Structure formats: structure tokens, C-alpha cells
K.L.:
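Once you've had a glance at the structure underneath, I'll fire off some questions.
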Amino acid sequence: RLLLNKLIHLYGKCGAVDEAWRVFADIQQRDSFSWNLMIAALAENGYLERARDTFSKMGRPDVVSYTTMLRAYAQKGQVFEARDIFDQMPYKDRVAWNTMISAYARTGKLQQAELLFSQMEEKTSVSWTVLISGYAREGEVQRARLLFEEMPDRTIVAWNAMIGGYVHSKLVEAASGMFDRMPHRDVVSWTSMLTAYAHSLCLHKAKWCFDSMPERNVVSWNAMVTAYAHKGLIDQAQTTFDRMFKHSIVSWNTLVAAYAHVGLVEEAVQVFRQMPERDQLSLTTMVNVLAQAGRIDQAREMFEGLTSFD
RNA sequence: GUAUUGCAUACUGG
């Protein structure tokens, strides 16, 4: 059963909901892990109703089942439904509280988030970073900073959240100040700074970050491609893309946007055609590219593809 | 004292 549960998880992660369901259905004695994994698999792949359905068919949902549903609603931006789940919970642990606070925070309801935060008995470092990053996202870096200063044991994630906040508010100096001051830097810290320099068109500094970081992952590579793209250096962007050992959908979207940015519409179309998978952003980008190039019929075709997404 | 499940930070258009 342990292995079957793991299979549900794996299938869920790669979007194979039907396969996950088949495994789930075949398990003789499902435990709460099987149920929770199945609910998560459904929710993560957009089947909110089926997730809810499975959730209600579960005999005794535990705190994880509730939290999984809570997060499912939160991800869809359905905060009221999320709150409903939260209020129904017979027992709430700290993860449940954090998830609810996060639901408020990432929909910009920071007053609600902070209210819940203040009502929380034993806050964890996640509670703090949820709130800090929430304010940072909204551009309220000063409030984020106050919380950061107030935070008892600042984790590297809290530091990174602050840096990210400064980067989004284009306060590159403040970001680099924090970056220098933090006790340790990880790949997220480095990539945040890389992004900051990419957006402010400081290519040499971006490249310096990329070369200096102790380890790189797909996200940092993508950020480097973006840095070249924003400078209009399409060949460098392409070369960097080619050197990557693994491409995510973001890598592909970045490359399409890079060609579009320098006006190479046909090349953008070629890249788009090569994409192993596409999301809404891929299509939206192509709609814009084609429309601006006057290829209205093709743009319309893309646009129609978009409506089948949601 | 960490590993079958739920929460936070970085990358792509707006």
C-alpha cells in the first residue's frame, strides 16, 4: 500500500489524474494517506469538484485532508470557501493556520491575514514568512520589513522573502543590502538578485550572480535567459537555453517571449511549435505576438485555444 | 533525530 500511495502521488504530480485514480480505486484497504494523496492529486490538476467529492466520501477526514481542501480553494482564489473549511475543522494544527493565513495573504487580504496571525497561539517561522511575503507582494515593503525585524528567528526563507519584496518594488539597493547582510545565501537568494539585475538591465551583474552562485537549477537558468532577453541579446538567450539540461514550461515561454521581444515573429512561432507543453501564458503571448504582426487569423486561432483552458 | 500525504521565499506576458 505504501508503494501504491507513492504511485498516486507520482501520477498526481505529473498530471496523470486518471492513472492516479485507477491506482486509488484498486487499493483494497485505503488509509488516510491514500485519500489525502488522491484529493491533492485531483485538486492540483484543477478538478476541484472531484476533490471535494472525494473529500466528502472520506469517512474520517483528518487535519491533512481538511488542509488539502483548504489549500485547493485558496489556490483557486476562493477564500470564502477556504475559510469555510477552516471553520469546519474539528482540530486545527499550525499548518492549517498557516495555510489559511496564506490564503488571505496571497489574495491581498492582508488585514485578515494579520488578524488570524495575531490570533495564532504558537506561530511558526512559516507563519511569519507567509505574512512578510504577503506584504512584500503587495509592495508594502516597509510593513514587511517591520515584521521581519520583529520575527524571532529569521530563517533564510524570511530573508529571501524580504529580498524578493525589494526586488519587486525595484529597490535593488535595498535588496542587495539584505543579500550582503544575510548569514547564508542559497540558490533562491542568488536567483532573486539575478532577477533584480535582469530587470534593471544590468547584464554584467546578472551574469556575475549566475556565475557566482554555488549551484544552479532550472529557475536560475531561466532567469539568466531572461536577463539576455531583456537586453535583446537573442543569440545569447538561445545559447543559454540550449545549454540547459532540462527545460521547464517557463524556459519555453521565456524563449518565445525573447524572440517576440526582438521582433522575430517567425522564430517565435517556430519555438512555440516545438514546445512539448503549453499553458495559458504561452497562448496569450502568441496572441499578442501574432496580433501585433498583423497575423490576425492566426492570433484568433490562438485565442480560441485559450478559451478551452478555463 | 529527518523521508508515503497538507503551509512560506526565486524564473516567463500583463
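Residue numbers begin at 1 in each chain, while the letters A, B, ... track the order of the sequences. Note that the structure is a prediction, hence the values are computed from the model and not measured.
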K.L.:
Dot-bracket for RNA chain B, please. Rules: Watson-Crick or G-U, both distances under 3.5 Å, ( ) within the strand, [ ] when a pair crosses earlier ones, | for another strand, . otherwise.
P.N.:
..............
K.L.:
Describe the nucleic acid contact of A:H230 in one word from base, sugar-phosphate, nothing, applying a heavy-atom distance below 4.0 Å.
P.N.:
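Sugar-phosphate: the residue A:H230, judged by heavy atoms under 4.0 Å, touches backbone atoms but no base.
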K.L.:
Taking heavy atoms of chain A and a 4.0 Å limit, find me the 5'-most and 3'-most nucleotide of RNA chain B within that range.
P.N.:
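Under 4.0 Å from chain A, the extent on RNA chain B is B:U4 to B:G13.
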K.L.:
So, applying ring pair (Phe, Tyr, Trp, His ring centres under 6.0 Å) with A:W35, which one of A:F55, A:F24, A:Y66 is it?
P.N.:
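Result for ring pair (Phe, Tyr, Trp, His ring centres under 6.0 Å) with A:W35: A:F24.
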K.L.:
Base, sugar-phosphate or nothing for A:T284? Non-hydrogen atoms, less than 4.0 Å.
P.N.:
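Base contact.
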K.L.:
Out of curiosity, A:M100 CE to A:I85 CD1, how far, rounded to the nearest 0.5 Å?
P.N.:
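The CD1 atom of A:I85 is 10.5 Å from CE of A:M100, to the nearest 0.5 Å.
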K.L.:
Hey, does A:R185 reach any base, or is it just sugar-phosphate, or nothing, if we go heavy atoms under 4.0 Å?
P.N.:
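Answer is nothing: A:R185 stays at 4.0 Å or more from every strand.
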K.L.:
Does the side chain of A:S102 come under 3.5 Å of the side chain of A:T99 through a donor N or O and an acceptor N or O?
P.N.:
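There is no such pair (donor and acceptor under 3.5 Å, judged by atom type) between the side chains of A:S102 and A:T99.
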K.L.:
Could you check whether A:T254 gets within reach of a base, just the sugar-phosphate, or nothing at all, counting any heavy atom under 4.0 Å?
P.N.:
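Answer is sugar-phosphate: A:T254 comes under 4.0 Å of backbone atoms only.
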K.L.:
Looking across every strand, which nucleic acid part, if any, lies under 4.0 Å from A:R106 by heavy atom: base, sugar-phosphate, or nothing?
P.N.:
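The residue A:R106 makes sugar-phosphate contact but no base contact.
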K.L.:
With respect to A:F179, which candidate in A:W159, A:Y166, A:W190 satisfies the ring pair (Phe, Tyr, Trp, His ring centres under 6.0 Å) definition?
P.N.:
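So the option named by the test is A:W190.
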K.L.:
Are A:R22 and A:D26 close enough for a salt bridge, meaning some N to O gap below 4.0 Å?
P.N.:
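No.
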K.L.:
Using salt bridge (Lys or Arg N to Asp or Glu O under 4.0 Å) as the criterion, list what pairs up with A:R50, not counting sequence neighbours.
P.N.:
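For A:R50, no residue satisfies salt bridge (Lys or Arg N to Asp or Glu O under 4.0 Å) once neighbours in sequence are set aside.
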K.L.:
Assign A:T191 to base, sugar-phosphate, or nothing according to its heavy-atom contacts below 4.0 angstrom with the strands shown.
P.N.:
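Base, at least one base heavy atom under 4.0 Å.
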K.L.:
Using a 4.0 Å heavy-atom cut-off, does A:S192 contact any base of the nucleic acid, only the sugar-phosphate backbone, or nothing at all?
P.N.:
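Sugar-phosphate, no base atom in range.
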K.L.:
With no hydrogens and no angle check, do the side chains of A:Y73 and A:R83 hold a donor and an acceptor under 3.5 Å apart?
P.N.:
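There is no such pair between these side chains.
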K.L.:
Students often get this wrong, so: under 4.0 angstrom with heavy atoms, is A:H261 touching a base, only sugar-phosphate, or nothing?
P.N.:
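No contact.
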K.L.:
Less than 4.5 Å apart, side chain to side chain, heavy atoms only: is that true for A:R145 and A:F148?
P.N.:
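They are in contact (side-chain heavy atoms under 4.5 Å apart), so the answer is yes.
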K.L.:
Under 4.0 Å, heavy atoms only, any strand: does A:V167 hit a base, just the sugar-phosphate, or nothing?
P.N.:
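No contact at all - A:V167 keeps every heavy atom at 4.0 Å or more from the nucleic acid.
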K.L.:
Using a cut-off of 4.0 Å on non-hydrogen atoms, how would the nucleic acid contact of A:D186 be classed: base, sugar-phosphate, or nothing?
P.N.:
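Touches nothing.
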K.L.:
Would you indicate what A:N217 reaches in the nucleic acid, counting non-hydrogen atoms under 4.0 angstrom: base, sugar-phosphate, or nothing?
P.N.:
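A:N217: base contact, heavy atoms under 4.0 Å.
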K.L.:
Suppose you measure atom P in B:A3 against the same atom in B:C7; what distance do you get, rounded to whole Å?
P.N.:
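To the nearest whole Å, 16 Å.
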K.L.:
Do A:H247 and A:L255 come within less than 4.5 Å of each other through their side chains, counting heavy atoms only?
P.N.:
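No, side chains not in contact.
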